[in-house]
Amino acid sequence: MHYDLILATGRSDPNTACILAAAKRQNLSVCEIVPDENTEPAVTWDPVSGDLFVSGEKTTANGAFLRYDCFGPGGYTPDQSRSDRALAWFSTIASWAYASSSVRMFNRNHSQAAAHKGYAIHRAATLGVPIPRTLLTNARDAMAMMGPDHDLIGKPAAGGAFTAELNDLDAEVWATGTAPGPAIVQEKLIYPEYRVYLIGDAPVVFETHAQTLDFRADRDSKTIWRDTAILPPDLLAGLRTLAADLGLDFCAYDLKTRKETGELCYLEVNSGPMFSAFDALAEGTLAETMVTYLAQTPAPRQMAAE
């Protein structure tokens with residue numbers, strides 16, 4: 001059986017419903033390899049012949065959307081067997097997809113270095129994308145040379161936690177003048193903040209305002225879907241160039257505003273971003289653009305210029 005799209009993720013992942021709904025609106029056929037608490041799809045892949053069987057039926061597709069299931073019964077849990085289950089599903093279907101050169105998938109040729117936030121900042125700066133003043137350091141004296149604490153922010157070098165003002169961080173961390181590990185230390189930027197999804201070359205843009213440094217900590221933060229014209233053309237061109245440099249044809253950029261000039265600066269890029277909440281704001285257009293890219297169907301509707 002040939003499908004427009006193979007969907008391989010978890011039933012509890014909120015992004016799954018977005019992809020399925022977008023595919024349905026475009027009348028695409030979807031093969032779901034979506035385990036949940038009570039269901040184990042019957043899947044076999046022959047790595048020599050390349051044949052994939054789902055429920056005993058030989059299966060091919062134009063494209064595949066894959067996500068590691070961190071929400072379901074596998075996911076990130078202390079139960080090793082459950083984590084092993086999620087990884088086994090992801091690794092198996094990813095192996096098939098990488099081996100099937102005719103199957104379209106996101107970030108097939110991504111650079112492993114793209115996962116390192118410091119390296120991506122370096123590449124952004126090298127390619128002319130504006131960045132805030134930045135150091136990766138655990139040395140208190142190096143931070144002091146950047147400016148006063150209230151003008152600086154700190155966040156984990158590998159991500160995984162909220163951004164904080166430097167003067168809000170625990171003073172005990174600096175008791176010896178060096179922290180246990182490096183952090184990303186940057187000049188503090190202001191709102192508006194932008195989330196820019198790139199699907200191939202197609203951008204989908206969102207603007208956020210909040211009262212807290214990290215908008216995720218503000219329940220009253222406001223995010224709206226914006227026309228791509230809100231971005232300076234040279235910045236958008238730079239983001240496209242950076243994505244190509246990192247081997248990403250699906251990613252999400254976070255940008256924020258430099259107070260003194262109003263210039264938008266690169267914060268980070270995520271090669272496997274969440275998108276369900278943003279897709280709801282974009283009335284499904286984000287997920288439609290994604291499945292269009294993967295299944296190679298006619299382009300979906302576009303937001304009218306403001």
Side-chain angles (χ1 to χ4, degrees), residues 3-9 15-16 18-30 61-67 93-94 97-98 100-115 120 123-124 127-129 194-207 225-255 264 266 268-305:
Y3 293 88
D4 293 308
L5 185 68
I6 284 179
L7 175 62
T9 178
N15 301 286
T16 301
C18 293
I19 293 294
L20 284 172
K24 182 177 180 180
R25 288 193 297 272
Q26 297 191 38
N27 296 314
L28 301 178
S29 57
V30 179
N62 289 352
F65 178 78
L66 289 69
R67 274 181 66 89
I93 306 305
Y98 278 114
S100 305
S101 59
S102 64
V103 174
R104 207 161 191 194
M105 61 185 290
F106 287 134
N107 302 336
R108 176 183 290 278
N109 300 309
H110 76 285
S111 166
Q112 292 295 325
R123 291 305 301 157
L127 294 169
V129 177
Y194 292 90
R195 165 62 66 99
V196 181
Y197 288 88
L198 272 186
I199 305 100
D201 280 339
V204 184
V205 182
F206 302 88
E207 179 180 319
W225 178 30
R226 296 299 302 265
D227 185 81
T228 57
I230 195 70
L231 298 179
D234 57 343
L235 175 60
L236 181 54
L239 296 179
R240 285 170 169 152
T241 300
L242 178 58
D245 182 80
L246 297 174
L248 303 176
D249 49 29
F250 174 58
C251 61
Y253 289 106
D254 291 324
L255 312 169
L264 291 179
Y266 166 97
E268 64 181 30
V269 62
N270 190 326
S271 61
M274 293 282 290
F275 55 86
S276 58
F278 290 96
D279 187 56
L281 293 173
E283 302 173 5
T285 296
L286 177 54
E288 287 182 22
T289 306
M290 293 167 64
V291 299
T292 291
Y293 182 86
L294 292 172
Q296 304 177 68
T297 60
R301 66 183 187 275
Q302 298 294 318
M303 181 181 183

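When reading the values below, keep in mind they use all heavy atoms of this one structure, side chains included, and skip hydrogens, waters and symmetry mates.
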message = One pair to check against side chain to side chain contact (heavy atoms under 4.5 Å, CB included): Tyr194 and Ile230. What are the steps and the verdict?
response = CA-CA 10 Å; Tyr194 292 90; Ile230 195 70; 3.8 Å; yes
query = Do Asn62 and Leu28 pass the side chain to side chain contact (heavy atoms under 4.5 Å, CB included) test, and can you show the C-alpha distance, the side-chain angles, and the key distance before you say yes or no?
reply = CA-CA 11 Å; Asn62 289 352; Leu28 301 178; over 6 Å; no
inquiry  = Between Asn15 and Thr9, does the side chain to side chain contact (heavy atoms under 4.5 Å, CB included) criterion hold? Intermediate values first, please.
reply    = CA-CA 9 Å; Asn15 301 286; Thr9 178; over 6 Å; no
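Arg25 places a side-chain N or O within 3.5 Å of a backbone atom of Gly284 that can act as its donor or acceptor partner. In this structure, the side chain of Arg104 engages the main chain of Tyr293 through a donor-acceptor pair within 3.5 Å. A donor-acceptor contact shorter than 3.5 Å is absent between the side chain of Asp254 and the backbone of Arg195. In terms of modelled atom types and a separation under 3.5 Å, the side chain of Asp279 and the main chain of Ala287 share a donor-acceptor contact.
Expressed to the nearest 0.5 Å, how far OG1 of Thr241 lies from CZ of Arg123 amounts to 10.5 Å. For the atom pair Asn107 CG and Leu248 CG, the distance stands at 4.5 Å (nearest 0.5 Å). Atoms CE and CZ, from Met274 and Arg67 in turn, are 5.5 Å apart once rounded to the nearest 0.5 Å. Rounding to the nearest 0.5 Å gives a distance of 4.0 Å between CE of Met290 and CD1 of Ile19. Put simply, CG on Leu294 and CD1 on Ile6 are 11.5 Å apart, with the number rounded to the nearest 0.5 Å. The CZ atom of Phe106 lies 10.5 Å from the SG atom of Cys251; values are rounded to the nearest 0.5 Å.
Ala114 and Leu246 get closest at one heavy-atom pair: CB-CB, 3.9 Å. Smallest separation of non-hydrogen atoms from Ala282 and Leu286: CB-N, 4.2 Å. Of all the heavy atoms in Pro203 and Arg240, the pair that sits closest is CD-NH2, 3.6 Å. In terms of heavy atoms, Leu242 sits closest to Ala120 at CD1-O, 4.4 Å. Ile93 approaches Ala8 most closely through the heavy-atom pair CG2-CB, 3.6 Å. The shortest non-hydrogen separation linking Arg108 to Ala97 is NH2-O, 3.0 Å.
The side-chain heavy atoms of Pro273 and Phe250, taken from C-beta on, include a pair separated by under 4.5 Å. For the pair Val30/Val291, no side-chain contact is recorded, criterion being any heavy-atom separation below 4.5 Å from C-beta on. For the pair Leu235 and Leu255, the minimum side-chain heavy-atom distance is below 4.5 Å. Side-chain contact check for Glu283 versus Glu288: every heavy-atom pair is 4.5 Å or farther apart.
Tested against Phe206 for a ring pair (Phe, Tyr, Trp, His ring centres under 6.0 Å), the candidates Tyr253, Phe278, Phe275 yield a single pass: Phe278.
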